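Read through the structure below, which is laid out as structure tokens, and then see the notes.
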Amino acid sequence: MKRLRFVVTAGPTREHLDPVRFLSNPSTGKMGFAVARAAAARGHDVTLIAGPVSLKTPKGVRRVDVTSARDMLAAVERELLSPLPDLAARALAKAVPLTPTVFVSTAAVADWRPAKCAARKLKKGQMSDTLKLVRNPDILKTVGRRLANSSSPSLPHPPTYLVGFAAETNDVIAEARRKCREKNLEMIVANDVTEKGAGFGTDTNRVTLLRRDGSVEKLPMMTKLAVARRIVRACEDFCP
Ligand code: CTP
């Protein structure tokens with residue numbers, strides 16, 4: 001079996017307004033950790049970039065902890081876009097082909113952050129009733145765009161395939177298709193987070209895998225680890 005490189009993001013991000021307050025969401029990281037575990041169990045090389053979660057690192061997985069969306073973007077860019085001297089040199093020498101990389105973006109990235117983050121705890125008297133927010137980067141979109149524009153012959157990147165998640169409450173398949181197209185993904189995993197046993201914090205999930213080529217695979221309710229195994233197998237299938 002071919003060995004792939006997986007870079008997986010998981011969990012929520014936290015967007016601080018001072019050292020003791022932040023904006024976030026209920027993601028627990030279970031789905032992303034399951035993907036990392038399933039990929040490592042198949043013998044792939046796995047890096048897991050995790051927001052603040054209380055889960056144990058799966059066996060054989062390299063873990064990078066981050067807090068905010070901007071930290072997560074920097075960590076992802078380091079993994080996917082920074083020069084790979086040894087690999088690049090070997091590939092240029094045509095000794096070995098570069099290992100295909102799959103970026104699986106399961107993280108529930110906060111879309112906004114407070115415009116300012118105070119260095120010290122804000123006292124109630126110092127705070128106004130409204131909070132000014134600014135948009136966070138879209139990690140998946142940014143990385144996709146940068147990969148498309150970074151084909152320098154002196155810094156070859158391995159072929160990189162993007163896999164996204166779409167956690168929706170309505171129009172699940174249509175929204176997932178839109179995101180797959182707009183973020184230029186190879187595959188998107190759609191799930192209805194309003195459904196019992198699917199979504200944030202559960203040990204099970206019910207998802208539909210939508211491929212770039214239009215194929216649709218609807219999976220039954222299963223454990224997140226079983227879903228993760230199906231995702232990893234699907235990635236093995238579309239990687240050359
Ligand atoms: N994503 C990301 N960076 C963001 C937001 C989302 O990388 N700032 C990734 C998620 O990890 C997921 C995919 O993009 O793989 C879709 O995320 P989702 O929250 O479902 O959608 P959004 O792009 O935020 O779009 P919308 O708010 O319209 O639902």
Side-chain angles (χ1 to χ4, degrees), residues 6-16 22-36 39 47-53 64-81 101-115 133-148 160-195 198-201 205-212 224 227-228 230-232 234-235 238:
F6 277 79
V7 175
V8 182
T9 61
T13 63
R14 281 185 189 170
E15 311 299 328
H16 277 269
F22 54 81
L23 301 177
S24 193
N25 60 64
S27 169
T28 57
K30 283 182 180 171
M31 193 64 244
F33 274 60
V35 171
T47 300
L48 174 62
I49 300 171
V53 294
V64 178
D65 286 307
V66 296
T67 303
S68 69
R70 287 183 298 169
D71 297 341
M72 188 174 272
L73 174 62
V76 170
E77 289 189 328
R78 255 192 318 275
E79 293 301 324
L80 297 182
L81 294 156
T101 300
V102 186
F103 174 44
V104 187
S105 178
T106 78
V109 183
D111 287 311
W112 287 272
R113 65 178 183 274
L133 301 177
V134 292
R135 283 292 277 271
N136 264 335
D138 185 313
I139 297 172
L140 200 44
K141 221 181 209 171
T142 307
V143 161
R145 212 178 299 129
R146 290 204 50 201
L147 278 167
T160 303
Y161 301 89
L162 307 180
V163 175
F165 271 67
E168 306 293 343
T169 57
N170 51 280
D171 304 323
V172 179
I173 300 299
E175 276 300 288
R177 276 220 173 87
R178 175 180 68 81
K179 289 175 191 178
C180 192
R181 199 177 47 246
E182 285 178 2
K183 302 194 189 202
N184 199 17
L185 308 179
E186 194 57 40
M187 182 169 85
I188 192 155
V189 182
N191 76 311
D192 181 344
V193 288
T194 64
E195 199 178 329
F200 292 129
N205 208 354
R206 185 139 76 111
V207 305
T208 302
L209 307 183
L210 302 155
R211 294 280 314 277
R212 176 202 286 280
K224 282 188 172 168
V227 171
R230 297 292 285 266
I231 292 169
V232 169
C235 296
F238 65 63

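For clarity, every value in this text was computed on a predicted model and none was experimentally measured. Ligands are counted one by one from 1 in listed order, and the atoms in each one are counted from 1 as well.
Between I139 and T142 the shortest side-chain heavy-atom distance does not fall below 4.5 Å. Two residues are said to be in side-chain contact when any heavy atoms from C-beta on lie closer than 4.5 Å; R212 and N184 meet this criterion. With a 4.5 Å cut-off on side-chain heavy atoms, V8 and T47 do not count as touching. At a threshold of 4.5 Å between non-hydrogen side-chain atoms, the residues V53 and P12 count as touching. In this structure, V7 and T101 have side chains that are in contact, with non-hydrogen atoms separated by less than 4.5 Å. When side chains are defined from C-beta on, I231 counts as touching V189, because their heavy atoms get closer than 4.5 Å.
Taking atom 18 (P) of ligand 1 as the reference point, the nearest protein heavy-atom neighbour is K179 NZ, 3.6 Å. For atom 3 (N) of ligand 1, the closest heavy atom belonging to the protein is I139 N, 3.0 Å. In terms of protein heavy-atom proximity, atom 8 (N) of ligand 1 is nearest to P137 O, 3.0 Å. In terms of protein heavy-atom proximity, atom 16 (C) of ligand 1 is nearest to F165 O, 3.0 Å. Protein heavy atom in closest approach to atom 7 (O) of ligand 1: L140 N, 2.9 Å.
Contact between E175 and ligand 1 is absent, with no heavy atom of the residue lying under 4.0 Å from the ligand. Residue contact annotation: A69 has no non-hydrogen atom under 4.0 Å from ligand 1.
Contact record, G144 with L162: CA-CD1, 3.6 Å, taken as the closest heavy-atom pair. Residues A39 and V232 come closest through the heavy atom pair N-CG2, 3.8 Å.
E15 contributes a side-chain N or O that, together with a main-chain N or O of A69, makes up a donor-acceptor pair within less than 3.5 Å. Without hydrogens or angle criteria, K183 side chain to L140 main chain gives no donor-acceptor distance under 3.5 Å.
With a 4.0 Å heavy-atom cut-off, ligand 1 is reached by no atom of K141. At a heavy-atom cutoff of 4.0 Å, ligand 1 is contacted by no atom of A108, backbone or side chain. With a heavy-atom cut-off of 4.0 Å, S105 touches ligand 1 through backbone and side chain alike.
Contact check on R178 versus E175 returns a salt bridge, with a Lys/Arg side-chain nitrogen under 4.0 Å from an Asp/Glu carboxylate oxygen.
Of the N or O atoms in T106, none lie within a sub-3.5 Å distance of an N or O in ligand 1. At a 3.5 angstrom cut-off on N or O pairs, G164 does not count as close to ligand 1. Between V163 and ligand 1, no N or O atom pair is found at a separation short of 3.5 Å. The shortest N or O to N or O distance between R178 and ligand 1 is under 3.5 Å. On a distance-only criterion, V109 and ligand 1 share no N/O pair closer than 3.5 Å. Residue A110 has no N or O atom closer than 3.5 Å to an N or O atom of ligand 1. On a distance-only criterion, A166 and ligand 1 share no N/O pair closer than 3.5 Å. Between K183 and ligand 1, at least one N/O pair is under 3.5 Å apart.
Among D111, L73, T169, the residue whose heavy atom lies closest to atom 27 (O) of ligand 1 is D111.
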Please output the side-chain donor-acceptor pairs of residues 105-114 that fall under 3.5 Å, not counting sequence neighbours, one pair per line with the distance.
unit_1 : atom_1 : unit_2 : atom_2 : d
T106   : OG1    : T9     : O      : 2.5
R113   : NH1    : R135   : O      : 3.3
R113   : NH1    : N136   : OD1    : 2.8

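Numbered from 1 in the order shown, with element, the atoms of ligand 1 that lie under 4.0 Å from a heavy atom of A107 read 10 (C), 11 (O). Here is the list of ligand 1 atoms found below 4.0 Å of a heavy atom in A167: 20 (O).
Between Y161 and F103, the ring centre distance reaches or exceeds 6.0 Å.
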